[in-house]
There are 4 protein chains.
Amino acid sequence: MAKIRQPIDPEKEARIIEVAMHEFAQHGYRDTKTENIATRAAVSKGLIFRYFKSKANLYLTTVRYTFAKINQAADLSVWQDSTDLKMMIVRGLRYKIQMQLQYPDEFALAMQAYGDSSALPEKLQPQVQKIWQDVVADSVPLLVTPILERLPMRPGVDPNNVRAMILALSSFIGEKSKVMIQANPHLKVADFDGIVEQAQALMDIVEHGFLANETKA
Amino acid sequence: MAKIRQPIDPEKEARIIEVAMHEFAQHGYRDTKTENIATRAAVSKGLIFRYFKSKANLYLTTVRYTFAKINQAADLSVWQDSTDLKMMIVRGLRYKIQMQLQYPDEFALAMQAYGDSSALPEKLQPQVQKIWQDVVADSVPLLVTPILERLPMRPGVDPNNVRAMILALSSFIGEKSKVMIQANPHLKVADFDGIVEQAQALMDIVEHGFLANETKA
Amino acid sequence: MAKIRQPIDPEKEARIIEVAMHEFAQHGYRDTKTENIATRAAVSKGLIFRYFKSKANLYLTTVRYTFAKINQAADLSVWQDSTDLKMMIVRGLRYKIQMQLQYPDEFALAMQAYGDSSALPEKLQPQVQKIWQDVVADSVPLLVTPILERLPMRPGVDPNNVRAMILALSSFIGEKSKVMIQANPHLKVADFDGIVEQAQALMDIVEHGFLANETKA
Amino acid sequence: MAKIRQPIDPEKEARIIEVAMHEFAQHGYRDTKTENIATRAAVSKGLIFRYFKSKANLYLTTVRYTFAKINQAADLSVWQDSTDLKMMIVRGLRYKIQMQLQYPDEFALAMQAYGDSSALPEKLQPQVQKIWQDVVADSVPLLVTPILERLPMRPGVDPNNVRAMILALSSFIGEKSKVMIQANPHLKVADFDGIVEQAQALMDIVEHGFLANETKA
DNA sequence: AATGAATGAGGGTTCATTCAT
DNA sequence: CATGAATGAACCCTCATTCAT
């Protein structure tokens with residue numbers, strides 16, 4: 001009847017990570033104090049170090065958790081079955097914005113970890129980079145490719161470049177909405193309609209170009 | 001011809017700022033120690049405070065200086081007189097990459113100050129934002145517009161969206177090269193030829209679209 | 001019988017305050033180093049700031065504590081039940097001297113806080129003043145009045161002035177003994193007999209005047 | 001035709017001391033910055049150290065100078081020729097108050113140097129004490145004695161104690177007026193009439209006692 | 001296992017004093 | 001001789017980490 005070893009209370013661990021995510025996202029690594037995390041997670045400071053060994057390691061764990069959470073929460077089917085690119089972009093964008101609104105801290109932390117983040121102590125940077133590479137990889141291409149394959153491609157156009165173009169456009173729009181959310185966290189999805197429309201217009205350009213008088217061979 | 005009173009030694013001031021730029025760019029605000037700056041600038045710690053009043057203020061000054069330096073070093077004529085967009089993009093990009101290689105710290109600090117910078121103490125953030133707004137403004141649009149006006153625009157295309165497209169593409173490429181430089185600071189401009197070519201291909205898409213079978217007009 | 005939560009260890013707190021009192025009394029505010037207090041109180045520097053937030057606040061707390069300690073230690077009954085003024089003065093004085101010998105640091109700090117104390121940083125002065133007003137108030141008058149009321153007063157003499165006279169005399173003697181104690185901290189009460197006698201003689205003058213040939217109406 | 005060595009410019013020296021007196025009086029030793037003294041004395045910081053060797057020494061010199069200035073300014077004849085004690089006290093007090101108003105900094109510094117002055121760095125204290133002893137000595141007794149000798153003394157009264165009594169009274173009143181001046185530096189001599197009157201009443205008590213029913217033999 | 005009081009290295013800042021010009 | 005820029009020791013305070021209970 002040996003008592004099962006339970007070195008870690010999963011609920012407390014979860015609380016700590018959730019709080020850490022929030023704190024790191026709001027204040028950055030250096031200005032987040034373990035004391036605060038402990039208090040808000042209703043846990044002792046000592047426990048954080050027992051569970052996570054160090055602040056740096058807590059950060060790493062939190063970032064990993066955050067990426068996982070975003071990935072898991074993302075319901076790719078929402079836009080995966082779009083019939084054309086514009087529809088997909090619109091759906092995907094709207095969905096992403098919705099998620100940014102729903103998980104502002106998660107997104108903020110993810111972006112912070114991605115950004116060159118001289119915000120982080122020297123030692124953490126390479127490790128954070130690694131997480132990115134492992135997790136983010138190439139999710140966008142995977143989603144876009146099936147649709148792209150159904151579309152007739154103008155001769156001489158490399159599909160990879162189309163994907164790159166869409167990626168560029170996507171992060172451009174993402175940046176725009178992030179700024180809006182930072183300025184006013186209480187916006188609704190509808191408030192981003194203008195941005196979505198712009199994205200649509202940009203996609204139109206990507207599809208048909210902006211030049212007139214084209215004589216396509 | 002009385003000697004002008006210099007409340008501070010310009011050479012030392014310059015040295016401090018240069019070193020500060022490097023340190024801030026490499027380690028971020030919090031992990032940069034005034035002591036280090038002083039040592040590397042061959043100056044006493046006290047002098048930094050005499051000149052700049054506080055670390056925060058040194059940072060602000062350094063960021064301002066960095067923006068000014070970049071702006072001043074930038075020779076816009078290099079690409080301003082391009083006859084078509086693709087040429088302009090290629091020239092502009094190549095030039096930008098060249099500058100990133102030549103001024104890696106300057107660019108790194110500029111990006112850091114621009115990025116959401118939870119790296120910075122709460123209080124500094126709004127001030128840094130202000131510098132951005134004052135300085136960066138809208139340099140790209142200004143350069144692109146004259147060329148765009150010479151090009152025939154497909155009906156229904158908003159020129160603003162074309163500019164946005166170019167901007168998105170530009171920052172996408174910029175990000176890519178930044179990552180390369182961080183990975184290996186000793187690259188030459190030629191090493192980025194692949195990137196430039198890609199940019200060219202992307203511009204081609206923006207100009208003519210990627211879809212085949214277009215029946216324009 | 002749950003153990004009461006002590007946010008701080010009372011023993012350490014007491015040790016810190018005791019040491020602080022000594023150090024502040026000996027060296028003044030500015031020349032007292034938190035490091036020293038910590039060492040002598042067998043406590044870490046950090047703990048002082050955890051308990052008292054800042055050096056200034058430690059000073060304020062220490063001064064308050066010191067006043068409280070003196071007040072509490074003072075056994076007013078010793079002289080309160082004197083039958084005549086001279087006896088009261090003698091007893092009171094002797095008692096005060098005894099206390100000065102017993103609590104030299106306490107008295108030194110109290111006087112220092114009372115004195116114009118340009119010794120203190122600008123900001124502390126009003127706060128220290130406030131402590132004085134709250135605590136010291138008018139203890140002497142309260143004690144003297146009952147006795148004075150039992151004594152026949154020469155016509156034309158304002159009892160307030162008699163009290164003032166006694167106060168003046170009292171601080172005069174107090175000053176004298178303070179100087180003696182500073183010069184030699186190891187004196188005994190008996191060593192102050194001369195002073196007490198003088199006080200008695202002075203009181204005699206206050207009672208009967210020093211002029212001869214009086215023709216009192 | 002050797003040029004006379006003039007190691008010290010007396011005007012600058014005087015300016016420094018005057019300013020130092022003001023600054024030390026206002027802010028105390030530790031909170032007075034040599035930089036400020038230099039600026040206000042329109043002199044370079046280096047000069048202060050050339051002339052006075054160190055801040056501590058400047059303080060000492062300033063205190064000495066201040067005592068000398070007060071002594072010199074004091075016109076003792078004003079009250080020396082009084083015919084009775086009360087008149088002398090009134091005149092002397094009024095004169096002292098007048099001087100306090102005229103030389104507030106001088107008096108403030110003198111009191112500060114006299115007060116226990118844990119305000120001063122360890123090393124300075126004995127030296128300041130010495131200055132006091134040398135200078136202040138026993139000015140009051142010297143002035144009072146001639147008058148006292150003309151007055152009939154009640155048998156059993158020690159003239160020294162009368163002098164002590166007057167001294168006590170004098171410093172009591174002095175303290176009172178110092179507080180008033182600190183509270184409002186712009187008072188006129190007339191504003192102290194109440195105090196002077198009280199002093200007179202107190203002297204009356206010292207002369208005739210406050211007890212009624214005296215049967216002086 | 002959990003707590004949170006205690007630690008102390010480390011960093012920003014001040015300011016008396018020095019010294020090259 | 002005079003200047004004031006430069007120095008750097010010293011000090012207050014923070015906070016990640018440890019450890020006795």
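Numbered from 1 within each chain, the chains take letters A, B, ... in sequence-line order. Only this structure's heavy atoms are used, side chains among them; waters, hydrogens and symmetry mates stay out.
- Contact detail for B:S44 and B:A38: the closest heavy-atom pair is C-CB, 3.8 Å.
- Atom CZ of B:F52 and atom C1' of F:dA6 are 14 Å apart (whole Å).
- DNA chain F contains the following stems of three or more consecutive Watson-Crick or G-U pairs, with both distances under 3.5 Å: E:2-21 with F:2-21.
- Of the N and O atoms on the side chains of C:E18 and C:Y65, at least one donor lies less than 3.5 Å from an acceptor on the other residue.
- Between C:F49 and A:S54, the one whose closest nucleotide on DNA chain F sits nearer the 5' end is C:F49.
- Using a 4.5 Å cut-off on side-chain heavy atoms (C-beta onward), C:F49 and C:T34 make contact.
- For the residue pair B:R30 and B:K55, the shortest heavy atom distance occurs at O-NZ, 3.7 Å.
- A heavy atom lying under 4.0 Å from DNA chain E marks the following residues of residues 33-41 of chain B, by number: B:K33, B:T34.
- A sub-4.0 Å separation between OP1 or OP2 of F:dC1 and a side-chain N or O of D:Y51 is absent.
- B:K45 comes within 4.0 angstrom of a nucleotide base, judged by non-hydrogen atoms across all strands.
- Remark: C1' of F:dT18 and NZ of A:K55 are 17 Å apart, rounded to the nearest angstrom.
- If A:V43 and B:G46 are placed on DNA chain E by their nearest nucleotide, the residue sitting closer to the 5' end is A:V43.
- For the pair D:E13 and D:F52, the minimum side-chain heavy-atom distance is below 4.5 Å.
- In this structure, A:R50 reaches the E:dA1 phosphate: one of its side-chain N or O atoms is under 4.0 Å from OP1 or OP2.
- Using a 30° and 60° split on the angle between ring planes, D:Y59 and D:F24 fall in the perpendicular class, above 60°.
- Remark: B:K12 is not in phosphate contact with F:dA5, judged by side-chain N or O atoms under 4.0 Å from OP1 or OP2.
- Between D:S44 and C:T32, it is D:S44 whose nearest contact on DNA chain F lies nearer the 5' terminus.
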